[in-house]
**Student:** 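Below are the structure tokens for one structure; questions will follow.
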Amino acid sequence: MSEMPKAYDPKAVEAPLFESWTAGRYFEQSVVEGVSPFSIVIPPPNVTGSLHMGHALNNTIQDVVIRRSRMTGRPTRWIVGTDHAGIATQNKVEQKLAAEGLSRRDVGRERFIEMCWEWRAEHGSTIISQLKAMGCSCDYSDEHFTMDPGYQQAVRKVFVDWFNKGLIYRGKRIINWCPRCSTALSDIEVEHEDLDSHLWHLRYPLKEPVGAVDHVVVATTRPETMLGDTCVAVHPDDERYTALIGSMVVLPLLGREIPIVADEHVDPAFGTGAVKVTPAHDPNDFEIGERHGCPKINVMAADATITAEGGPYEGLDRYEARTRVVSDLEEAGLLVKTDDHLHSVGHCYRCHTVIEPWLSDQWFVDMKPLAAPAIQAVRDGRVVFHPKRWENVYYHWMENIRDWCVSRQLWWGHQIPVFYCDACGEMTASETDLTSCSACGGEVRQDPDVLDTWFSSQLWPFATLGWPERTPELDYFYPTGVLSTARDILFLWVARMVVSGMYFNDGEIPFRDVIIHPTVFNAEGRRMSKSLGTGIDPLDLMEHYGADGMRFGLMLQTTGNQDIKFAEDKLASSRNFANKIWNASRFVLMNVDEDYVPGEPEAATVADAWILSRLAGLASAVDEGLLTYQFGEVARALYDFFWNEFCDWYIELSKSRLAAGAAEGASDEAKAARLTVQRNLVFVLDTALRLLHPMMPFVTEEIWRRLPLSPEASSDSLMVAAWPDPSALARLADEGAERSIGRLIEIVTGVRAVRARYSLSPKQGIRVEFKTASEGDNRWLEAEFGLIHQLAGISEFIAGVDTVQPAHAAAFVAAGVEVYIPLEGLVDFAAERTRVGGELEGTRAELEKLDRKLSNEGFLAKAAPEIVEKDRAKAAGLRDTVASLQAQLLELAE
RNA sequence: GGGCGCUUAGCUCAGGGGGAGAGCACUUCCUUGACGCGGAAGGGGUCAGAGGUUCAAAUCCUCUAGCGCCCACCA
């Protein structure tokens with residue numbers, strides 16, 4: 001067994017361990033007939049991506065769940081891969097071209113796509129190697145990509161199927177257009193932001209005056225769109241305007257004559273109650289235009305410059321056009337006023353350019369009928385969200401779902417498998433490429449657009465398992481167990497996976513539990529973002545704290561309710577925690593003899609019974625906590641157990657027996673006792689390392705492999721060692737031992753406090769006198785004196801029910817026992833009086849409160865009996881304490 | 001406009017009807033053979049505010065204030 005260095009060094013350990021896991025093929029999982037599996041599909045990171053804090057958190061969560069499952073012996077597989085990320089990847093390659101002064105059109109579609117593949121080959125594995133650095137136990141032997149040939153086939157099948165069923169259709173609609181990416185976006189790819197802007201009031205002259213009225217004033221936030229106005233709408237019941245309905249106005253600047261129409265959509269209370277209607281540039285206006293048969297004039301080109309329809313404004317950028325239109329109107333005396341106005345402006349979620357509502361031909365998925373079963377699956381509890389409140393968000397969106405615009409005017413992605421025949425106008429969706437028209441045999445051309453990246457991502461849980469082939473993997477691993485993700489892709493991805501997963505798998509859901517994890521914000525509470533420079537690089541964190549330190553630090557901060565305002569000090573604690581475990585293990589291993597024989601743990605002493613009982617409690621808390629995804633609680637329980645119970649107390653409590661058994665001329669009994677302690681130390685460490693392994697895989701594995709375990713308990717890797725079974729460990733529970741050690745800790749702590757107060761050197765032995773309440777307590781103290789002696793440095797003691805407080809003694813009450821420590825010449829009586837007085841006051845106040853409660857009839861009548869009993873016992877204890885503190889005060893007064 | 005979450009120690013946060021907790025920071029002491037990435041002992045909080053329910057409220061309900069987020073066809 002190699003020597004353990006004094007400090008845990010993650011860098012020396014992590015890479016070789018990961019190598020050994022890969023070599024051992026522990027990440028891989030094939031079909032095991034007759035055994036129920038557990039699987040997770042990783043949310044595929046973009047090939048363009050590199051690890052950020054959100055990934056770090058999400059993948060730690062998944063790895064924790066996966067590693068626990070694997071250790072229980074269940075066939076477990078974490079399916080990994082990347083997403084082709086249409087817009088993001090295309091942007092990267094376009095940037096590369098731009099550096100050479102080229103655009104994608106310069107190189108052509110075919111070459112451009114080739115370059116995307118090259119880019120992927122070069123950069124696409126970055127994030128995968130970062131996942132490995134984190135220790136994520138994905139099945140890397142079977143990595144997927146949303147543009148793999150098989151995956152492409154799956155996408156085409158889905159498209160063709162929905163097309164043939166009429167669930168995908170082509171339509172000319174107002175969609176969200178990003179002029180920079182030059183593509184349509186779905187509604188949920190638009191991020192709205194409230195911006196300070198203006199509400200311009202424009203005067204539109206009537207062609208013929210109606211009575212005294214010769215104009216109408218409209219209000220708009222986008223004056224440049226007036227170039228495309230084809231009517232003005234007012235509410236039919238708005239008396240201000242009823243006389244004008246049917247009249248014509250002359251559109252300023254262009255001179256076009258357009259009608260005034262009545263439409264229920266108009267809100268008379270907003271603006272002037274008259275609305276300029278631009279059917280080609282606003283979804284509402286589109287509807288109004290449809291209702292009144294108004295033409296749709298598109299005044300904007302794909303790059304958001306004004307088209308020829310804009311007459312003199314042709315060629316201007318939309319914002320230049322806005323400025324010009326406003327100033328020209330003002331000059332013409334047609335600008336009535338300009339109000340400040342806060343309004344919500346849509347931005348592209350990829351490049352943050354302001355979105356233009358734009359009329360164009362696009363493909364849509366009819367989501368309503370598809371959503372219904374997916375809603376039902378959550379209602380039935382077949383899919384469960386954690387935390388549960390996200391289900392309401394899901395319902396709200398799904399029940400109000402709108403058609404999904406799935407076509408994108410990009411080159412990188414799944415090209416829409418629709419073939420047009422220019423000769424006969426036939427339109428065919430086909431899983432295979434067509435060269436000729438199925439109707440007339442004429443030449444066909446494929447739709448040039450590609451599909452929304454999310455259209456392919458939605459197939460991830462089954463396309464990665466070989467669908468549409470009915471593979472053994474698909475049969476076995478689908479549905480997956482858990483889907484863990486950030487909340488911002490709840491609609492973009494999660495909901496759509498439920499929809500398509502159920503549709504294409506005979507109604508079978510894609511995953512049972514959905515974990516919506518917290519969002520990671522930086523210390524200032526701002527979203528971590530690379531472009532804002534507000535992010536922290538997980539690789540830097542791993543450099544400083546080790547992969548385990550980062551993982552555990554994140555787990556400590558993960559709770560169901562609150563987002564994470566990233567606290568780096570938690571990572572420092574976690575790194576220290578790893579080091580603590582390392583050194584505790586070093587202690588254990590240093591105290592295991594060459595000829596140590598592994599064996600069962602044994603509660604030979606109260607201390608043994610106590611730690612075994614605590615261990616049983618830990619196992620059950622960790623197991624239960626992981627099954628309910630309470631990561632923060634589990635992390636704290638592990639931390640607390642290892643540090644505060646195992647290291648601070650059990651190891652200390654074990655030292656005397658270890659030493660006695662190793663001493664020269666030790667008796668056989670002492671030697672046997674030493675062996676028992678060794679076995680207990682090894683057992684507790686072994687079990688606790690197993691429980692900690694999912695969160696801290698590296699340090700636990702490194703230590704665990706050094707443990708002297710029996711062949712049955714051992715294996716080549718902790719990764720595949722047996723997960724502690726809480727119900728089997730429950731036999732170790734021992735309430736009496738827990739109570740007993742609890743009291744011992746109280747007394748030891750009290751004595752140490754006296755030591756600290758009077759600066760007594762730890763080496764200085766002290767005499768302690770106990771006044772107990774019963775003979776039982778005396779026997780208990782005598783029995784445990786060895787431990788108290790060792791931990792508190794007591795050289796001699798007496799215990800009795802009639803002990804009297806010695807003169808010049810520090811005194812306190814702990815665990816129902818009065819403790820006196822004679823300190824001739826050392827006690828500062830004034831200070832002691834103040835301290836005891838303060839304690840007395842506090843105790844009295846507490847007692848008074850409790851007495852009031854206990855004399856309250858309502859309480860006695862209605863509270864649970866065990867609560868009343870507990871409070872009575874507590875009051876009795878407090879009364880004793882008050883009495884002894886009073887006695888002490890009297891003593892100190894002399 | 002609708003909805004959700006948060007407000008607890010100097011900081012970051014757990015807890016969630018019956019004893020106010022952790023980590024970090026702070027104070028004092030300790031070169032104790034597992035660990036100074038450590039040990040021991042401490043100080044520090046009207047659990048945002050106001051009402052209500054209850055024998056009992058940090059915890060449940062209502063309202064208020066502040067912060068953050070999501071949804072919505074807010075010309």
Side-chain angles (χ1 to χ4, degrees), chain A residues 4 6-8 174 187-188 192 194 199-200 218-222 225 233 265-267 270-278 282-288 341-344 357 387 389-390 392-393 396-397 400 402 487-488 490-491 519 521 523 525-527 545 549 553 556-557 559 561-570 572-591 632-633 636 639-640 644 647-648 651-652 655 748-749 752-757 759-763 793 846 850 853 856-864 866-868 870-871 874:
Chain A
M4 287 176 78
K6 214 168 159 180
Y8 172 60
I174 299 280
D187 295 336
I188 45 177
H192 290 271
D194 278 342
L199 192 60
W200 286 274
V218 297
T220 180
T221 53
R222 293 190 298 152
T225 62
H265 171 78
V266 178
D267 174 8
F270 189 91
T272 62
V275 189
K276 59 182 273 313
V277 177
T278 322
D282 182 277
N284 292 316
D285 292 7
F286 180 85
E287 299 290 330
I288 297 174
H341 185 69
L342 187 71
H343 86 138
S344 172
R389 67 187 137 88
W390 290 106
N392 289 328
V393 180
H396 183 256
W397 189 70
N400 296 286
R402 287 177 291 163
R487 62 164 171 269
D488 53 352
L490 178 58
F491 308 143
T519 304
F521 294 94
R526 297 176 58 201
R527 186 179 222 92
Y545 306 109
L556 279 172
Q557 300 180 64
T559 59
N561 294 330
Q562 191 137 249
D563 285 329
I564 296 173
K565 201 194 259 186
F566 184 69
E568 196 164 333
D569 60 7
K570 298 288 196 300
S573 308
S574 302
R575 185 226 15 217
N576 297 352
F577 180 46
N579 190 58
K580 186 73 178 177
I581 295 162
W582 180 261
N583 278 290
S585 307
R586 219 158 66 91
F587 171 82
V588 171
L589 292 170
M590 278 165 55
N591 281 284
E633 276 182 44
R636 275 183 289 278
Y639 186 97
D640 203 46
N644 303 87
C647 294
D648 287 352
I651 285 185
E652 294 307 320
K655 282 178 178 172
V748 168
T749 303
R752 285 173 176 171
V754 172
R755 274 187 180 285
R757 209 175 310 131
S759 302
L760 302 179
S761 137
K763 287 181 199 131
E846 207 183 327
L850 205 55
K853 192 171 169 185
N856 181 334
E857 306 227 342
F859 173 68
L860 297 174
K862 295 186 182 173
E866 63 269 23
I867 298 286
V868 177
K870 209 174 112 193
D871 280 349
K874 192 176 159 195

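To find a chain, count down the sequence lines: A is the first, B the second, and so on, and within it residues start at 1. In this text, all values refer to a predicted model and were calculated from it rather than measured experimentally.
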**Student:** Rounded to the nearest 0.5 Å, what separation is found between the CG atom of Asp285(A) and the CD1 atom of Ile174(A)?
**Tutor:** 8.0 Å
**Student:** Using a distance-only test with no angle check, is there a side-chain donor-acceptor pair under 3.5 angstrom linking Asn583(A) and Arg586(A)?
**Tutor:** yes
**Student:** Tell me what Ala578(A) touches on the nucleic acid: a base, only sugar-phosphate, or nothing, going by heavy atoms under 4.0 Å.
**Tutor:** nothing
**Student:** Should Gln562(A) be listed as having a side-chain N or O under 4.0 Å from OP1 or OP2 of A14(B)?
**Tutor:** yes
**Student:** Return the pairing partner of A56(B) with a 3.5 Å limit on both distances, Watson-Crick or G-U wobble; otherwise return none.
**Tutor:** none
**Student:** Using a distance-only criterion (donor-acceptor N/O pair, under 3.5 Å, no hydrogens), is the base of C74(B) paired with the side chain of Ser344(A)?
**Tutor:** yes
**Student:** Under 4.0 Å, heavy atoms only, any strand: does Asp648(A) hit a base, just the sugar-phosphate, or nothing?
**Tutor:** sugar-phosphate
**Student:** Give one of base, sugar-phosphate or nothing for Ala861(A), where a contact means two heavy atoms less than 4.0 Å apart.
**Tutor:** nothing
**Student:** What does G38(B) pair with, Watson-Crick or G-U, if both distances are under 3.5 Å?
**Tutor:** C30(B)
**Student:** Have a look at His265(A) and say if it touches a base, only the backbone sugar-phosphate, or nothing, with a 4.0 Å heavy-atom cut-off.
**Tutor:** base
**Student:** Which nucleotide, in any strand shown, forms a Watson-Crick or G-U wobble pair with A65(B), with both distances under 3.5 Å?
**Tutor:** U7(B)
**Student:** Determine which nucleotide pairs with G44(B), using a 3.5 Å limit on both distances of a Watson-Crick or G-U wobble pair.
**Tutor:** none
**Student:** Expressed in whole Å, how much space separates the C1' atoms belonging to C30(B) and C69(B)?
**Tutor:** 49 Å
**Student:** Say we look at U31(B) and C24(B): how far apart would their C1' atoms be, to the nearest angstrom?
**Tutor:** 25 Å
**Student:** Using the C1' atoms only, state how far U7(B) lies from A48(B), rounded to an integer number of Å.
**Tutor:** 6 Å
**Student:** Identify, between Ala584(A) and Thr559(A), the residue whose nearest nucleotide on RNA chain B lies closer to the 5' end.
**Tutor:** Thr559(A)
**Student:** Which whole number of Å gives the distance between the C1' atom of G45(B) and that of C26(B)?
**Tutor:** 15 Å
**Student:** Does Arg402(A) put a side-chain nitrogen or oxygen below 4.0 Å from OP1 or OP2 of A72(B)?
**Tutor:** yes
**Student:** Does any part of the side chain of Leu860(A), heavy atoms only, come nearer than 4.5 Å to the side chain of Val868(A), both counted from C-beta?
**Tutor:** yes
**Student:** Is Asn583(A) near enough to C37(B) that one of its side-chain N or O atoms lies under 4.0 angstrom from OP1 or OP2?
**Tutor:** no
**Student:** Between U59(B) and G18(B), how far apart are the P atoms? Round to whole Å, please.
**Tutor:** 11 Å
**Student:** Within the 4.0 Å heavy-atom criterion, would you say Ala523(A) contacts the bases, only the backbone, or no part of the nucleic acid?
**Tutor:** nothing
**Student:** Does OP1 or OP2 of A41(B) have a side-chain N or O of Thr749(A) closer than 4.0 Å?
**Tutor:** yes
**Student:** Using heavy atoms to find the nearest nucleotide of RNA chain B for Arg586(A) and Lys570(A) separately, return the residue whose nucleotide is more 5′.
**Tutor:** Lys570(A)
**Student:** Given the rule in the salt bridge (charged side-chain N to carboxylate O under 4.0 Å, His left out) test, do Asp563(A) and Arg487(A) qualify, once you have shown the distances and angles that lead to the verdict?
**Tutor:** CA-CA 11 Å; Asp563(A) 285 329; Arg487(A) 62 164 171 269; 2.8 Å; yes
**Student:** Touch check for Phe491(A), heavy atoms < 4.0 angstrom, all strands: base, sugar-phosphate only, or nothing?
**Tutor:** sugar-phosphate
**Student:** Does the plane of the ring in Tyr8(A) sit parallel, tilted or perpendicular to the ring in Trp582(A)? Use 30° and 60° as the thresholds.
**Tutor:** tilted
**Student:** Counting any heavy atom closer than 4.0 Å, what does Val266(A) reach on the DNA or RNA strands: base, sugar-phosphate only, or nothing?
**Tutor:** base
**Student:** Between A40(B) and U32(B), how far apart are the P atoms? Round to whole Å, please.
**Tutor:** 14 Å
**Student:** What interatomic distance, in whole Å, is found between C1' of G51(B) and the corresponding atom of G19(B)?
**Tutor:** 27 Å
**Student:** Is it the case that the base of A34(B) and the side chain of Glu652(A) share a donor-acceptor contact (distance under 3.5 Å, atom types as modelled)?
**Tutor:** yes
**Student:** Rounded to the nearest Å, what distance is computed from the CG atom of residue Asp569(A) to the C1' atom of nucleotide C24(B)?
**Tutor:** 4 Å
**Student:** Does a side-chain N or O of Lys862(A) approach OP1 or OP2 of G18(B) to a distance below 4.0 Å, or not?
**Tutor:** no
**Student:** At under 4.0 Å between heavy atoms, what does Arg575(A) touch on the DNA or RNA strands: base, sugar-phosphate, or nothing?
**Tutor:** base
**Student:** Please report, rounded to the nearest Å, how far the C1' atom of C37(B) is from the OH atom of Tyr639(A).
**Tutor:** 10 Å
**Student:** Suppose you measure atom P in C6(B) against the same atom in G16(B); what distance do you get, rounded to whole Å?
**Tutor:** 12 Å
**Student:** Rounded to the nearest angstrom, tell me the gap between atom CG in Asn576(A) and atom C1' in G39(B).
**Tutor:** 14 Å
**Student:** Please state whether the phosphate of C35(B), meaning OP1 or OP2, lies under 4.0 angstrom from any side-chain nitrogen or oxygen of Lys6(A).
**Tutor:** yes
**Student:** Provide, to the nearest angstrom, the distance between the CD1 atom belonging to Ile581(A) and the P atom belonging to C37(B).
**Tutor:** 17 Å
**Student:** Is the distance from OP1 or OP2 of A56(B) to the nearest side-chain N or O of Lys853(A) less than 4.0 Å?
**Tutor:** no
